[in-house]
2 protein chains.
Amino acid sequence: MPENRRNATRERILDTAETLFMAQGYEGTSMRQITGQAQVNLAAVNYHFGSKEELLQEVFRRRLKWLNDERLRVLDALEAEAGGHALKPSQIVDAFFGTLLRMAGDRKHGGPVFLRLLGRTLTEPSEFIRTFLADEYREVMERFKSALFKALPDVPRVEIVWRFHFMLGATSYAIAGTDTLRLVTDWHLDAAEADGGPERLLPRLMTFLLGGLRAPLPAGTGPGLP
Amino acid sequence: MPENRRNATRERILDTAETLFMAQGYEGTSMRQITGQAQVNLAAVNYHFGSKEELLQEVFRRRLKWLNDERLRVLDALEAEAGGHALKPSQIVDAFFGTLLRMAGDRKHGGPVFLRLLGRTLTEPSEFIRTFLADEYREVMERFKSALFKALPDVPRVEIVWRFHFMLGATSYAIAGTDTLRLVTDWHLDAAEADGGPERLLPRLMTFLLGGLRAPLPAGTGPGLP
DNA sequence: GTCTATATCATGATAGAC
DNA sequence: GTCTATCATGATATAGAC
């Protein structure tokens, strides 16, 4: 069973790398750590993926493919149901960010480990990571921006794009994990409240995001782009 | 002038390290890069700071000291002016996040370089960084949370803390730089619009943050903690 | 296909001359 | 205080045996 063993080794490397990159970052994780913990040979990474950079890309690709396909599937279903009418902003935001957060409960697709990795990687400085992520996200971004433009025809497009950006930031930070949350909590929240899992986080985040997305325009903001 | 030279070397190392950590991250930056670009000897970092970790901490300390003192100074002034009355949420949010963003125009205190570094570091996985930042932020966090609790007496404290967390995330991501912004833009915004500098960013961000902070409570949210 | 062994180089840190 | 020289370690990647 060479095919099975090949896949088993590949998947074990990917799973281990995902966990280590999440906990220590890309630069902070060595191939010796990955192969040691995955109990495969040091040369296996180069054999299966070519390089450490390509390993990282594959770690993201197998999860993002599923996530973004799912996002598009949900958006397609909503738009089909609406039959040409504009969607509600809350539907669009849930299709994008709700689908992401619900991944946390789905261990088959990475679960909380991948979510934290993704949140932490979005601000990673390495050029090749940002280029790669921008490519992976391009299609889904265009679809969701279009949906928001249609749902909010009176809001200048430039404002919608900025607010999408702010929503991404709030969400990334939230899924980057409870350790960073020590900055804010540490104090009035016990661990049970602070670490309530996705089912507590999602409604709170959605409320915040929609409040920001639908906030009245600030004074002095020009009209939309042509 | 041994004292002057000592300070000049120290400051040059700190400035160079700040820029490189911003562009490449902590793990991705070597002491050889830092000392080479700062045109000081390789041993100078260990002599002046002891280790690479302590260098990073000093890079942050000199900026965060000024930033957080300034935040507290603004908050003190607002509270003195209010004379015992609760502040408006917008005043508190501006004292915290506005003071941060206005640092971007102040090259004497790091300017945009430090802002991007800070935004990128808040999701950094290294344990010692997170512990260090949590310590540096503790006092200012407690003061601002208290001010928000007082300004929003009808909102459960746990909700305020969560929303503070979301605001931090949106802001971190926004100041982490326009490169990451390619994820969202790349498309309908020309560079001039997307990269409008802090004077464009601040009102947009404030509107978003306040919209999220003051959003109506979601259904099913329990009462505040005792 | 998988692994051993190794090539080649960069890293953070330090000892000791000046 | 600053520099040179060097240490010990760990990094990614690969050549070649099996």
Side-chain angles (χ1 to χ4, degrees), chain A residues 1-60 121 124-129 131-132, chain B residues 1-61 117 121 124-129 131-132:
Chain A
M1 53 190 90
E3 190 63 23
N4 278 348
R5 281 187 58 83
R6 177 187 170 89
N7 286 342
T9 298
R10 259 184 68 99
E11 294 296 312
R12 210 158 64 247
I13 292 174
L14 288 171
D15 291 342
T16 309
E18 185 173 61
T19 303
L20 289 174
F21 288 152
M22 178 274 286
Q24 308 177 339
Y26 173 73
E27 307 272 7
T29 302
S30 73
M31 312 228 320
R32 282 177 160 81
Q33 280 182 292
I34 296 168
T35 54
Q37 191 161 319
Q39 295 187 300
V40 302
N41 190 270
L42 175 58
V45 168
N46 290 81
Y47 174 75
H48 283 283
F49 303 97
S51 69
K52 189 185 175 187
E53 286 197 2
E54 289 171 283
L55 168 61
L56 177 69
Q57 294 180 10
E58 191 55 34
V59 166
F60 276 95
T121 306
E124 194 101 343
S126 301
E127 178 60 29
F128 89 94
I129 298 180
T131 302
F132 167 74
Chain B
M1 54 190 88
E3 191 60 24
N4 277 349
R5 281 187 59 84
R6 178 188 168 87
N7 286 342
T9 298
R10 259 185 68 99
E11 293 296 313
R12 209 159 64 247
I13 291 173
L14 287 171
D15 290 343
T16 308
E18 186 174 60
T19 302
L20 288 174
F21 287 151
M22 178 273 285
Q24 307 177 337
Y26 172 73
E27 308 271 7
T29 302
S30 72
M31 312 222 334
R32 283 176 164 78
Q33 280 182 293
I34 297 168
T35 54
Q37 189 160 321
Q39 294 187 300
V40 301
N41 191 271
L42 174 59
V45 167
N46 290 82
Y47 174 76
H48 283 283
F49 303 97
S51 70
K52 191 185 175 186
E53 287 198 1
E54 287 170 283
L55 169 61
L56 178 70
Q57 294 182 8
E58 191 55 34
V59 165
F60 276 96
R61 210 177 340 249
L117 174 62
T121 307
E124 194 98 346
S126 300
E127 180 59 30
F128 90 94
I129 298 180
T131 303
F132 168 74

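Every chain is numbered from 1 and lettered A, B, ... according to where its sequence line falls, protein lines coming before strand lines. Side-chain atoms are counted along with the backbone in the values below, which use heavy atoms only and exclude waters and symmetry mates.
Distance check, rounded to the nearest 0.5 Å: CZ of A:Arg10 to OH of A:Tyr47 gives 11.0 Å. With rounding to the nearest 0.5 Å, the separation of CD1 in A:Ile34 from CD1 in A:Ile13 is 8.5 Å.
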Side chains of residues 35-42 of chain A: which donor-acceptor partners sit under 3.5 Å, not counting sequence neighbours?
| from | atom 1 | to | atom 2 | distance (Å) |
| --- | --- | --- | --- | --- |
| A:Thr35 | OG1 | A:Met31 | O | 2.8 |
| A:Thr35 | OG1 | A:Arg32 | O | 3.4 |
| A:Asn41 | OD1 | A:Ala43 | N | 2.8 |

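Atom CD of B:Glu54 and atom C1' of C:dA13 are 13 Å apart (whole Å). When rounded to the nearest whole Å, the span between CD of A:Glu27 and C1' of C:dG12 equals 16 Å. Whole-Å rounding puts the A:His48 NE2 to C:dC3 C1' distance at 11 Å.
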Anything under 3.5 Å between a protein N or O and an N or O of nucleotides 11-15 of chain D, put it in a table, one pair a line.
| from | atom 1 | to | atom 2 | distance (Å) |
| --- | --- | --- | --- | --- |
| D:dA11 | OP1 | A:Ser30 | OG | 2.8 |
| D:dA11 | N7 | A:Arg32 | NH1 | 2.8 |
| D:dT12 | OP1 | A:Lys52 | NZ | 3.0 |
| D:dT12 | OP2 | A:Met31 | N | 2.8 |
| D:dA13 | OP2 | A:Lys52 | N | 3.3 |

Nucleotide N/O of nucleotides 16-18 of chain D paired with protein N/O under 3.5 Å:
none

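For the segment residues 13-22 of chain B, no residue has any heavy atom less than 4.0 angstrom from an atom of DNA chain D.
With sequence neighbours excluded, the residues that form a side-chain hydrogen bond (donor to acceptor under 3.5 Å, both in side chains) with B:Glu58 are B:Arg61. The side-chain hydrogen bond (donor to acceptor under 3.5 Å, both in side chains) search around B:Thr19 returns none, not counting sequence neighbours. Taking the ring-ring contact (aromatic ring centres under 6.0 Å, His included) definition, one finds that A:Phe21 meets it with A:Tyr26, sequence neighbours left out. A:Phe49 pairs by the ring-ring contact (aromatic ring centres under 6.0 Å, His included) definition with nothing, not counting sequence neighbours.
Put simply, the side chain of B:Phe60 reaches to within 4.5 Å of the side chain of B:Thr121, judged on heavy atoms. Side-chain atoms of B:Leu56 and B:Phe128, non-hydrogen and from C-beta on, do get closer than 4.5 Å to each other. The shortest side-chain heavy-atom distance between A:Leu14 and A:Glu11 falls under the 4.5 Å cut-off. Between B:Val59 and B:Leu117 the shortest side-chain heavy-atom distance falls below 4.5 Å.
Contacts classified as salt bridge (charged side-chain N to carboxylate O under 4.0 Å, His left out) and involving residues 18-28 of chain B (residues at least two apart or in different chains) are given here: B:Glu18-B:Arg62, B:Glu18-B:Arg63. Every pair tested for salt bridge (charged side-chain N to carboxylate O under 4.0 Å, His left out) that includes a residue from residues 46-55 of chain A fails, sequence neighbours excluded, so the list is empty.
Defining each end axis of the helix from C:dG1-D:dC18 to C:dC18-D:dG1 as the rotation carrying four pairs' C1' atoms onto the next four, with five pairs an end, the two axes are found to diverge by 0° to 10 degrees.
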